[in-house]
2 protein chains.
Amino acid sequence: MAGRQKQYDEQQALDRAIDVFWEKGYEHASSRDLQAAMGIGKGSFYLAFKDGKQELFLKSMERFFVLHPRPLLDALRTSAAPLDIIRQYYYALADAQGPFHRFGCYYANTLTQTEDECLKTAARHYIRQVADAFTLALLRAPNAAASLARLAPELWPVYFTTLWTGLNATRLLEHDPARLRQLIDFQLRLFE
Amino acid sequence: MAGRQKQYDEQQALDRAIDVFWEKGYEHASSRDLQAAMGIGKGSFYLAFKDGKQELFLKSMERFFVLHPRPLLDALRTSAAPLDIIRQYYYALADAQGPFHRFGCYYANTLTQTEDECLKTAARHYIRQVADAFTLALLRAPNAAASLARLAPELWPVYFTTLWTGLNATRLLEHDPARLRQLIDFQLRLFE
DNA sequence: AACATAGTGTAGCGCATGCTACAAAATAAA
DNA sequence: TTTATTTTGTAGCATGCGCTACACTATGTT
């Protein structure tokens with residue numbers, strides 16, 4: 001392996017790109033915006049990401065999953081009270097001020113903001129991961145039987161997803177976080 | 001009133017603009033796209049809509065409301081079974097194939113796809129109109145008391161909105177309309 | 001007929017976009 | 001030291017964007 005060595009940390013640069021993509025959305029984040037935030041120039045940018053912005057965004061979605069949903073999913077796997085963890089996650093989305101999800105859901109935004117089928121497919125994948133994990137966690141909860149009697153389990157993922165993506169839009173309408181939290185509490189009562 | 005007379009029908013042109021905006025979204029509908037669909041040139045376009053694309057879209061949102069939500073709201077005001085009407089409206093959004101809402105919700109799309117505060121404020125306004133009308137209609141329904149006991153009425157608009165905007169995104173994930181209809185049925189059981 | 005007014009068609013400006021081309025610089029292997 | 005390889009910085013292309021400028025045409029008023 002010969003050649004000059006990179007003057008930037010790839011992962012750090014990816015994290016900075018996430019900041020820009022999250023705030024502005026895929027389409028509105030220009031390659032120049034991204035390069036500035038990542039602290040690199042065009043040359044390095046198109047060397048590291050040969051397919052440009054799209055490739056960077058795909059990698060940023062993977063990285064985002066490691067940073068945010070994965071720790072949650074890991075916690076869910078071992079928790080005795082998964083519902084409380086899930087509730088806090090929904091709260092974070094409803095709470096526009098919070099440090100997480102200040103700009104909404106990274107993946108749901110992608111789903112509604114771009115027409116790129118490749119990116120939408122990836123976003124779908126990550127959202128499904130979370131919804132399926134929620135379903136599995138609550139199926140293992142002590143009071144699962146009661147919940148099952150109310151709603152068939154194959155509808156649980158679509159139930160979570162609709163609530164999640166709904167909140168992602170409704171938070172732009174209803175600015176009172178308390179009311180959104182009340183709605184979340186009501187919807188999650190299904191699993192109590 | 002002197003001067004040459006218009007060679008196109010303003011309302012027809014507006015309807016064509018809606019087609020383009022609905023399919024492509026505000027940002028992705030270029031002024032040239034719109035002019036072509038409306039059958040007019042730059043000159044007529046910027047004479048009729050001095051503030052350009054933004055003004056056209058604002059007017060298209062008003063026109064859209066007259067075309068689609070208003071008839072629904074009128075029907076709700078007099079119906080003895082408002083829940084059935086509401087259910088069909090949700091079905092139409094879930095059913096990606098249907099003639100209406102083939103490209104999702106005109107207003108919810110605006111809310112998540114653009115950063116223009118002026119347009120978002122207008123979109124919020126129209127969505128609220130519908131959610132409030134749903135609430136009023138169901139409060140007048142014969143079995144309103146039972147529904148009230150389950151969920152406080154001030155949460156009804158946010159309940160409708162979250163389901164609506166949620167479906168608007170979930171339809172991009174879950175392509176089986178039957179499953180979405182099952183979810184709608186379950187959510188609307190609150191008002192039975 | 002003369003004039004003012006409203007609508008139409010065309011040329012093109014200034015800007016931002018994603019991306020390529022390519023020379024210069026740095027590093028490891030020979 | 002030479003060579004091959006990798007990274008970096010800069011110049012700039014082609015395209016599409018929203019929009020303006022302006023001459024031209026059609027119409028109503030005087």
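Letters A, B, ... mirror the listed sequences (proteins, then strands); counts begin at 1. Side chains included, hydrogens not; waters and symmetry mates left out as well; all remaining heavy atoms used.
- In terms of phosphate contacts, A:Q5 brings a side-chain nitrogen or oxygen within less than 4.0 Å of OP1 or OP2 of C:dT27.
- The base of D:dG28 does not come close enough to the side chain of B:R4 for any donor and acceptor atom to sit less than 3.5 Å apart.
- To the nearest 0.5 Å, atom CD1 of residue A:I127 and atom CH2 of residue A:W164 are 9.5 Å apart.
- Here the P atom of nucleotide C:dC19 and the CG atom of A:L47 are 15 Å apart, to the nearest Å.
- When rounded to the nearest whole Å, the span between CD of B:Q35 and P of D:dG16 equals 15 Å.
- Note: CZ (A:F57) to C1' (C:dG18) measures 16 Å, nearest angstrom.
- The OH atom of B:Y8 sits 7 Å away from the P atom of C:dG7 (whole-angstrom rounding).
- In this structure, B:E10 does not pair ionically with B:K59, as no charged nitrogen and carboxylate oxygen lie closer than 4.0 Å.
- Within 4.0 Å of B:F49, counting heavy atoms only, lies no atom of the nucleic acid at all.
- At D:dG16, none of the side-chain N or O atoms of B:S30 fall inside 4.0 Å of OP1 or OP2 (strictly under the cut-off).
- Residues B:Y89 and B:D84 have side chains that never bring a donor and an acceptor to within less than 3.5 angstrom of each other.
- Set against C:dG7, C:dA28, C:dC19, the side chain of A:K42 has C:dC19 as its closest nucleotide.
- The interatomic distance linking A:K24 (NZ) with C:dG18 (P) rounds to 11 Å, in whole Å.
- Within a 6.0 Å radius of NZ in B:K24, other residues, nucleotides and ligands contribute 12 heavy atoms or fewer.
- The residue among B:G52 and A:F45 whose nearest nucleotide of DNA chain D lies closer to the 5′ end is A:F45.
- Put simply, B:S44 has no side-chain N or O that comes within less than 4.0 Å of OP1 or OP2 on C:dG7.
- Following rounding to the nearest Å, B:M38 (CE) and C:dG7 (C1') show an atom-to-atom distance of 14 Å.
- Judged by atom type and distance alone, B:R32 does not reach the base of D:dG16 through any side-chain donor-acceptor pair under 3.5 Å.
- Salt-bridge check for A:R87 with A:E192: passed, with a basic side-chain N closer than 4.0 Å to an acidic carboxylate O.
- When the C1' atom of C:dG18 is taken as reference, atom CG of A:D33 falls 12 Å away, rounded to whole Å.
- The CD atom of A:Q7 sits 9 Å away from the C1' atom of C:dA25 (whole-angstrom rounding).
- Relative to the side chain of A:K53, the nucleotides C:dC19, D:dT7, C:dG7 differ in distance, and C:dC19 lies closest.
- Checking C:dT20, D:dA4, D:dT8 against every side-chain atom of A:Y46, the shortest atom distance belongs to C:dT20.
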